[in-house]
Amino acid sequence: MLLVFACAVVFGAEKTHWAFKPVAKLKPPKVHDKAWPLGDLDRFILNRLEQKGLRPVAESDRFTWLRRVSFDLAGLPPTVEEIRVFEADQSPLAREKVVDRLLASRAFGERWARHWLDLVGYADQIGTSNNVFAEHAWRYRDYVIDSYNNDKPFERFIREQIAGDLLSHKTVEERVANLVATGFLALGDIEIVEADKAKLHVDIVDQQLQKMGKAFLGMSIGCARCHDHKFDPITQDDYYAMAGFFRGTSTVYKTKRGVWSDVNVIELPETEAQKAERGKHEKAHANRLAKLKGKREAARKHKAELDDQLKKKGLPKEERGKLTKERDEKAGCIGKLDKEITHAEFFAPTVPWAHGVRDVDKPGDMKITIRGNPRALGKVVPRGFLHVVPSVRPKIPRDQSGRRELADWVAGRDNPLTARVAVNRTWQKLFGEGLVRTVDYFGLPGERPSHPALLGFLADRFMREGWSQKRLIRSLVLSRMYRLSSAHDERNHATDPDNRLLWRMNRFRLDAEALRDAMIFTSGKLKPSTGGPALPLEFQENVNNIDPKNVNPPSFSLRKWRPGQEFERTIYLPIIRSAAQPGPAELRNMFNFAQPSEFTGQRAITAVPTQALFLMNSPEVKKHVIALAARMKKETTDDAKRLEYLWLSLLNRPITAQEQHEAAVFLKQAGEGAWSELCHALLASNEFLMRL
């Protein structure tokens, strides 16, 4: 009886649960303090505070706001020059100028793309077995960066990732973006060594459905694979109705190397200019390859001659030893050339490729797999959409997978989940917590929004304003709420200790990427990048098993890095699934980097002793410290001015009189290496680590 009652509650929730109700156009509420709000967003916040008899804390100072918005939008601190320009600009539009500059920078896309890649389970590795490289994964990463920088409407962003290969296009560039975008479905922790290909297929379908459900809908659809969802109104039939879209989708193929599979590669179209450029590279490569083969042939001929000479009888011992040494050197040279030629042939210039998906020849509906077993099959479930979502259901063509219709349904204006989930994710990145704190889960056991009317208002406005992410972010960071300090208030804390009513700004630690990038940036060593391959596969020592005769798939081992790669932003460094993050970006291992085998919209934040020890002892951090100290010494010979510049560079605020005095005393007493010690102390300080 209890079980029946519980199911009745769950499957009646679609009529009452806030997340499943249509998004409605709302008017901002009235407030008593009409001078405080700068816009509609602030009215929602202040209205709730006034209802509880609370007042927001004072605004943060301008230096704190500039540092905050710079890290939030670009993932980098402001420069000393930017601080001084903002400090001098006392016009009412000063903050708008800063925000517009940051939104227009390439750094904006580099920052916000990383948030999205956490949700995708992105890596430069296919699966976790044998370090198999995802050679073309970087194209998806660059696609996401470009999408944010070009302010691609979010509904278009959705459609391209679910069904880009099925969308129409007007230009070659648009077709390329459409195809590359389907890496959303192809790049994940796929167990390509799985010998049971039927199991591999249904597991990939499950992964794609879970990723899509979490990223766009904030729902755990995968929980209904083996039975009706225990908490949400999603039946097992709903699961297989949705899974049918991906059953008709090809993601991997069986290779000729044993039991191994590999992720699809899709040929990308080219412009005439790109074809011409590729032709130049192919010609140069062919010439290089011909020279290598010529050298090898000459070496083989010479070795054969030496072998013949060594067959002669009666050679003096000294001459035989000399010939043997020369023969062995030639053999070593031939072996080296063999590897160089094999590497050059494997990575020869070719048409561009991307990892992606395509429809199978005969798509169709999916059968229930009993307990997830692909060989224990139940009834066929027609493709369709979640019944709990009250939206228009497009008609699904029989001869296609239906992913295009699925994309239309997910991105539909009448879907109550998609815009709410997207807006809530954006809010969480800017304010530390989402209006719905369970950012990846809007189901029944998830948390209710702290400000449901505000969430609905923002979702409606987001859609009406063309699903523009830049416009949404701009409105949030130019609000009064975003200006608030993170100061404590006893009275407010007594009523609302968790700050759910938003009477102050939440403070939180910089994430791994922002922390590392800021260290390199302040040292003056940050190297701009326009993207491209993260794995330095152009070095032979980084590549294994590329001989077609090898039974194992081609793999990587990072023994050598590109010159200057250690100074690129963290988003451009390789992401590995099977081990700790390597080389220049090892800081990610200490500061809660998202596990690339999972899909997460909000990283965990821990504070453990190993983090402090890493900041004190890591050779990588010490390199940045030395570079920073050297940069400070170049700025000026005046210690007082040098200290002022250091504080502005690292903490992004003027140094106080007391700090100036204490630092001067330290520099005088510490002697040689004092500047490095001071820079190191500031880099490891809470104020540098925190976003206030």
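Model, not experiment: these values are computed from the prediction.
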If only atom types and distance count, is the side chain of [X] paired as donor or acceptor with the main-chain N or O of [Y] below 3.5 Å?
{"X": "Asp517", "Y": "Thr570", "result": "yes"}
{"X": "Arg500", "Y": "Leu435", "result": "yes"}
{"X": "Arg68", "Y": "Leu692", "result": "yes"}
{"X": "Lys211", "Y": "Val120", "result": "yes"}
{"X": "Asn424", "Y": "Val439", "result": "no"}
{"X": "His355", "Y": "Trp138", "result": "no"}
{"X": "Gln660", "Y": "Ile655", "result": "no"}
{"X": "Asn506", "Y": "Phe431", "result": "yes"}
{"X": "Arg114", "Y": "Gly75", "result": "no"}
{"X": "Thr495", "Y": "Asn492", "result": "no"}

Do [X] and [Y] have side-chain N/O donor and acceptor atoms under 3.5 Å apart?
{"X": "Gln125", "Y": "Ser578", "result": "yes"}
{"X": "Tyr148", "Y": "Asn150", "result": "no"}
{"X": "Tyr572", "Y": "Gln565", "result": "no"}
{"X": "Arg461", "Y": "Ser475", "result": "yes"}
{"X": "Tyr140", "Y": "Gln161", "result": "yes"}
{"X": "Arg509", "Y": "Asn592", "result": "yes"}
{"X": "Thr128", "Y": "Arg577", "result": "no"}
{"X": "Ser557", "Y": "Asn544", "result": "yes"}
{"X": "Asp638", "Y": "Thr636", "result": "no"}

Lys560 to Phe539, cation-pi by 6.0 Å centre distance and 45° axis angle: yes
Phe442 six-ring face occupied by Arg420 cation (under 6.0 Å, within 45°): no
Closest approach of [X] to [Y] (non-hydrogen atoms, all atoms of both residues):
{"X": "Asp142", "Y": "Gly531", "value": "OD2-CA, 3.4 Å"}
{"X": "Leu643", "Y": "Trp675", "value": "CD2-CH2, 3.6 Å"}
{"X": "Leu478", "Y": "Leu38", "value": "O-CD1, 3.8 Å"}
{"X": "Phe688", "Y": "Arg67", "value": "O-NH2, 2.8 Å"}
{"X": "Met481", "Y": "Leu41", "value": "CB-CD2, 4.0 Å"}
{"X": "Leu615", "Y": "Met519", "value": "CD2-CE, 3.6 Å"}

SB check [X] [Y] (cutoff 4.0 Å):
{"X": "Asp151", "Y": "Arg471", "result": "no"}
{"X": "Arg504", "Y": "Asp489", "result": "no"}
{"X": "Glu620", "Y": "Arg516", "result": "no"}
{"X": "Asp440", "Y": "Arg425", "result": "yes"}
{"X": "Asp639", "Y": "Arg642", "result": "yes"}
{"X": "Arg156", "Y": "Glu160", "result": "yes"}
{"X": "Glu566", "Y": "Lys623", "result": "yes"}
{"X": "Arg562", "Y": "Glu538", "result": "yes"}
{"X": "Asp72", "Y": "Arg691", "result": "yes"}
{"X": "Asp496", "Y": "Lys52", "result": "no"}
{"X": "Arg43", "Y": "Asp40", "result": "yes"}
{"X": "Lys641", "Y": "Glu644", "result": "no"}
{"X": "Arg559", "Y": "Glu541", "result": "no"}

What I'd like to find out is whether the side chain of [X] reaches to under 4.5 Å of the side chain of [Y], using heavy atoms alone.
{"X": "Asp33", "Y": "Arg55", "result": "yes"}
{"X": "Glu586", "Y": "Ser618", "result": "yes"}
{"X": "Leu501", "Y": "Ser450", "result": "no"}
{"X": "Gln611", "Y": "Thr606", "result": "yes"}
{"X": "Leu103", "Y": "Ile473", "result": "yes"}
{"X": "Glu59", "Y": "Trp65", "result": "no"}
{"X": "Tyr122", "Y": "Val144", "result": "no"}
{"X": "Phe556", "Y": "Asn542", "result": "no"}

Verdict with reasoning, Phe614 to Val621, per side-chain contact (heavy atoms from CB on, under 4.5 Å): CA-CA 8 Å; Phe614 179 88; Val621 173; 3.8 Å; yes
Phe133 and Phe347 aromatic ring geometry - parallel, tilted or perpendicular at 30°/60° bounds: tilted
By side-chain hydrogen bond (donor to acceptor under 3.5 Å, both in side chains) - contacts of Thr656 (at least two apart): Glu659
Would you compute the distance between atom [atom1] of [X] and atom [atom2] of [Y] and round it to the nearest 0.5 angstrom?
{"X": "Lys429", "Y": "Asp511", "atom1": "NZ", "atom2": "CG", "answer": "8.0 Å"}
{"X": "Arg141", "Y": "Glu110", "atom1": "CZ", "atom2": "CD", "answer": "9.5 Å"}
{"X": "Leu54", "Y": "Leu502", "atom1": "CG", "atom2": "CG", "answer": "11.5 Å"}
{"X": "Leu613", "Y": "Met590", "atom1": "CG", "atom2": "CE", "answer": "8.5 Å"}
{"X": "Arg95", "Y": "Arg474", "atom1": "CZ", "atom2": "CZ", "answer": "13.5 Å"}

Within the 6.0 Å centroid threshold, strictly below: Phe216 and Trp116: yes
Intermediate values then yes/no, side-chain contact (heavy atoms from CB on, under 4.5 Å), Ile520 and His624: CA-CA 6 Å; Ile520 304 173; His624 303 320; 3.5 Å; yes
Stepwise side-chain contact (heavy atoms from CB on, under 4.5 Å) test for Leu646 and Leu628: CA-CA 9 Å; Leu646 177 61; Leu628 175 62; 4.3 Å; yes
Glu87 and Arg62: CA distance, side-chain angles, deciding distance, side-chain contact (heavy atoms from CB on, under 4.5 Å) verdict: CA-CA 8 Å; Glu87 186 181 14; Arg62 285 164 60 90; 5.6 Å; no
